[in-house]
Asker: 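Sharing a structure below in structure tokens format, with a few things to ask.
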Amino acid sequence: MPTTVPCDDVCFPCPADGAELRAFTAWPAHGAKSPAVVLIPDVRGVYDFYRDLTRTLAAEGFFAVALDIYSREGVPDLPDMDSVFTWIRELPDERVLGDVAAAVGFAASHEHCTGAVAVMGYCLGGQYALMSACRDARLSACVSWYGMLRQEAITPKKPRHALDMVPELHCPYLGLFGGDDALIPAADVEELRARLSQTGKEFEIRIYPGAGHAFFNSTRADTYRPKAAKDAWPRAVGFLRRHRNDPARPL
């Protein structure tokens with residue numbers, strides 16, 4: 001992945017509680033203002049794969065902001081899947097969505113940004129990308145890579161399923177799913193399609209047969225599917241480019 005674009009680690013405040021949030025940013029070398037993409041990583045946070053992906057988005061022509069959703073507590077130690085599910089269960093959705101909203105505001109007002117901001121996320125981040133697109137009218141587009149659609153259980157920390165928020169969608173949506181994803185039942189994806197069709201918003205859903213969860217993550221030999229990844233990336237970038245105009249702040 002490209003590493004020659006300008007990049008920086010930044011901090012900015014969360015208006016909801018004043019906490020200092022961290023992010024890794026990158027932008028095109030040409031220096032002109034660009035549409036932004038707020039990138040929400042998977043449950044393991046902003047590790048090297050997402051820093052490289054942020055640079056790749058910049059090379060594609062975007063001001064990219066990879067949000068550290070663990071700015072307060074630090075990256076969790078997740079040695080196995082049981083610990084992953086336990087961590088997700090206790091992660092408060094409202095706090096994370098507030099942090100995403102803060103990142104959108106930061107990106108929109110940044111000197112490198114035209115004012116148009118999209119959101120893109122992976123796995124847990126894909127879930128939060130969809131949820132954010134259903135709450136934040138500032139977003140120009142949403143790309144969700146194998147984002148979970150249902151909570152394990154509805155609790156005070158997990159008050160709504162992403163699937164149930166779909167009628168409130170504010171922007172065009174692209175969902176990229178693996179046909180063999182054990183974490184996202186095919187019936188949920190079809191339910192997503194049915195609900196999206198009732199929103200009046202433009203949407204696309206792409207399902208990759210033979211691919212499971214995290215099929216785009218090239219650092220995971222057990223899940224990476226090069227053929228699916230090769231098709232999905234230009235599809236995602238093309239979608240972001242087509243919807244790079246914020247109706248309120250045209251380029």
Side-chain angles (χ1 to χ4, degrees), residues 16 38-45 67 69-70 76 78 81-104 118-208 211-217 223 232 236 239:
V38 171
L39 177 63
I40 314 173
D42 65 45
V43 69
R44 300 185 188 278
L67 173 65
I69 62 173
Y70 304 134
L78 303 172
M81 289 307 296
D82 284 343
S83 62
V84 167
F85 291 125
T86 298
W87 176 262
I88 291 175
R89 196 179 301 126
E90 294 301 314
L91 190 63
D93 285 353
E94 285 300 315
R95 191 202 81 187
V96 176
L97 292 171
D99 290 355
V100 175
V104 171
V119 66
M120 183 165 77
Y122 292 78
C123 184
L124 179 68
Q127 172 185 284
Y128 285 129
L130 174 56
M131 295 171 82
S132 295
C134 296
R135 290 175 49 134
D136 197 331
R138 297 173 296 176
L139 291 170
S140 61
C142 171
V143 178
S144 176
W145 297 73
Y146 33 86
M148 285 83 79
L149 299 171
R150 291 188 190 273
Q151 309 285 14
E152 184 180 77
I154 296 299
T155 68
K157 292 181 178 179
K158 304 289 177 186
R160 300 184 72 185
H161 298 299
L163 196 55
D164 290 340
M165 298 175 68
V166 169
E168 301 152 40
L169 183 67
H170 289 289
C171 63
Y173 167 88
L174 171 62
L176 301 163
F177 297 94
D180 296 343
D181 193 330
L183 299 181
I184 306 174
D188 283 359
V189 178
E190 291 311 309
E191 180 66 19
L192 173 65
R193 191 193 304 274
R195 295 190 186 194
L196 286 167
S197 68
Q198 297 174 6
T199 65
K201 299 291 189 299
E202 180 181 340
F203 74 91
E204 298 178 28
I205 290 178
R206 177 69 175 173
I207 301 172
Y208 293 95
H213 202 71
F215 68 79
F216 188 73
N217 194 329
T223 66
F239 191 85

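Atom set for the values below is all heavy atoms of this structure, side chains included, hydrogens, waters and symmetry mates excluded.
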Asker: Can you name the nearest heavy-atom pair linking A236 to V143, along with the distance?
Answerer: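 What the structure gives for the nearest pair is CB-CG1, 4.0 Å.
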Asker: Any chance you could measure L124, atom CG, to W87, atom CH2, to the nearest 0.5 Å?
Answerer: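 Nearest 0.5 Å value for the CG-CH2 distance: 10.5 Å.
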Asker: Are R89 and E152 close enough for a salt bridge, meaning some N to O gap below 4.0 Å?
Answerer: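 Result for this pair is yes, salt bridge flagged.
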Asker: Give me the ring orientation class for W145 and F216: parallel if the planes are under 30° apart, tilted from 30 to 60°, perpendicular past 60°.
Answerer: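 Tilted.
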Asker: Where do A129 and M120 come nearest, in terms of heavy atoms and distance?
Answerer: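 Of all heavy-atom pairs spanning A129 and M120, the closest is CB-C, 4.2 Å.
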Asker: Determine whether a donor-acceptor pair (N or O, by modelled atom type, separation under 3.5 Å) exists between the side chain of R44 and the backbone of L78.
Answerer: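 Pair found, side chain donor or acceptor close to backbone of L78.
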Asker: Just to verify, which of V119, L149, L163 counts as forming a side chain to side chain contact (heavy atoms under 4.5 Å, CB included) with L130?
Answerer: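 Only one of V119, L149, L163 forms a side chain to side chain contact (heavy atoms under 4.5 Å, CB included) with L130, namely L149.
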Asker: Going from CD1 on I69 to CD1 on I40, what distance comes out if it is rounded to the nearest 0.5 angstrom?
Answerer: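 Answer rounded to 0.5 Å: 8.0 Å.
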Asker: I'd like to check Y122 versus L39 (side-chain heavy atoms, cut-off strictly below 4.5 Å). Are they in contact?
Answerer: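 A side-chain contact exists here, since the closest heavy-atom pair is under 4.5 Å.
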Asker: For side chain to side chain contact (heavy atoms under 4.5 Å, CB included), just list the numbers for F239 and R206, CA-CA rounded to whole Å, side-chain angles, deciding distance to a tenth of an Å, and then say yes or no.
Answerer: CA-CA 12 Å; F239 191 85; R206 177 69 175 173; over 6 Å; no
Asker: How many angstroms lie between CE in M131 and CE in M165, if you round to the nearest 0.5 Å?
Answerer: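 If we round to the nearest 0.5 Å, M131:CE and M165:CE are 4.5 Å apart.
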Asker: Side-chain atoms of residues 170-180: list all donor-acceptor pairs with protein atoms under 3.5 Å, sequence neighbours left out, distances to 0.1 Å.
Answerer:
none

Asker: What residue among V96, D99, L67 forms side chain to side chain contact (heavy atoms under 4.5 Å, CB included) with Y128?
Answerer: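 That would be V96; it is the only one of V96, D99, L67 passing the side chain to side chain contact (heavy atoms under 4.5 Å, CB included) with Y128.
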Asker: Step by step, work out the side chain to side chain contact (heavy atoms under 4.5 Å, CB included) result for D164 and R195.
Answerer: CA-CA 9 Å; D164 290 340; R195 295 190 186 194; 2.7 Å; yes
Asker: Of the non-hydrogen atoms in S132 and V100, which two are nearest, and what is the gap between them?
Answerer: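 That closest heavy-atom pairing would be OG-CG1, 3.3 Å.
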Asker: Does a side-chain heavy-atom distance below 4.5 Å link D181 with M148?
Answerer: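 A side-chain contact is absent here, since even the closest heavy-atom pair is not under 4.5 Å.
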Asker: Under 4.0 Å between a side-chain nitrogen and a carboxylate oxygen: does that hold for K158 and E94?
Answerer: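 Looking at K158 and E94, the cut-off is not met.
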Asker: Looking only at non-hydrogen atoms, find the nearest pair between C142 and A133 and report the distance.
Answerer: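 Minimum heavy-atom separation between C142 and A133: CB-CB, 3.7 Å.
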Asker: Side chain to side chain contact (heavy atoms under 4.5 Å, CB included) between V43 and Y70: does it pass, once the steps are laid out?
Answerer: CA-CA 10 Å; V43 69; Y70 304 134; 3.6 Å; yes
Asker: Rounded to the nearest 0.5 Å, how far apart are CD of E191 and CG of L196?
Answerer: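 Going from the CD atom of E191 to the CG atom of L196 covers 10.0 Å.
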Asker: Tell me, with the steps shown, if H213 and C123 meet side chain to side chain contact (heavy atoms under 4.5 Å, CB included).
Answerer: CA-CA 8 Å; H213 202 71; C123 184; 2.9 Å; yes
Asker: Applying salt bridge (Lys or Arg N to Asp or Glu O under 4.0 Å), run through R150 and D188 and close with a yes or a no.
Answerer: CA-CA 8 Å; R150 291 188 190 273; D188 283 359; 2.9 Å; yes
Asker: Working to the nearest 0.5 angstrom, can you tell me the gap between D136 CG and L97 CG?
Answerer: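 One finds 10.0 Å between CG of D136 and CG of L97.
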Asker: Identify whether the distance between the nearest side-chain nitrogen and carboxylate oxygen of R160 and E168 falls below 4.0 Å.
Answerer: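 Salt bridge between R160 and E168, a charged N being under 4.0 Å from a carboxylate O: yes.
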Asker: Quick one: closest heavy-atom pair of R95 and L91, and the distance?
Answerer: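 Heavy-atom minimum between the residues: NH2-CD1, 3.9 Å.
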Asker: So, using side-chain hydrogen bond (donor to acceptor under 3.5 Å, both in side chains) as the criterion, who are the partners of D42 when residues are at least two apart?
Answerer: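 Scan of D42 (side-chain hydrogen bond (donor to acceptor under 3.5 Å, both in side chains), adjacent residues dropped) gives Y47, Y50.
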Asker: Give the minimum heavy-atom separation between S197 and A194, together with the two atoms involved.
Answerer: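 Shortest heavy-atom contact: OG-O, 2.5 Å.
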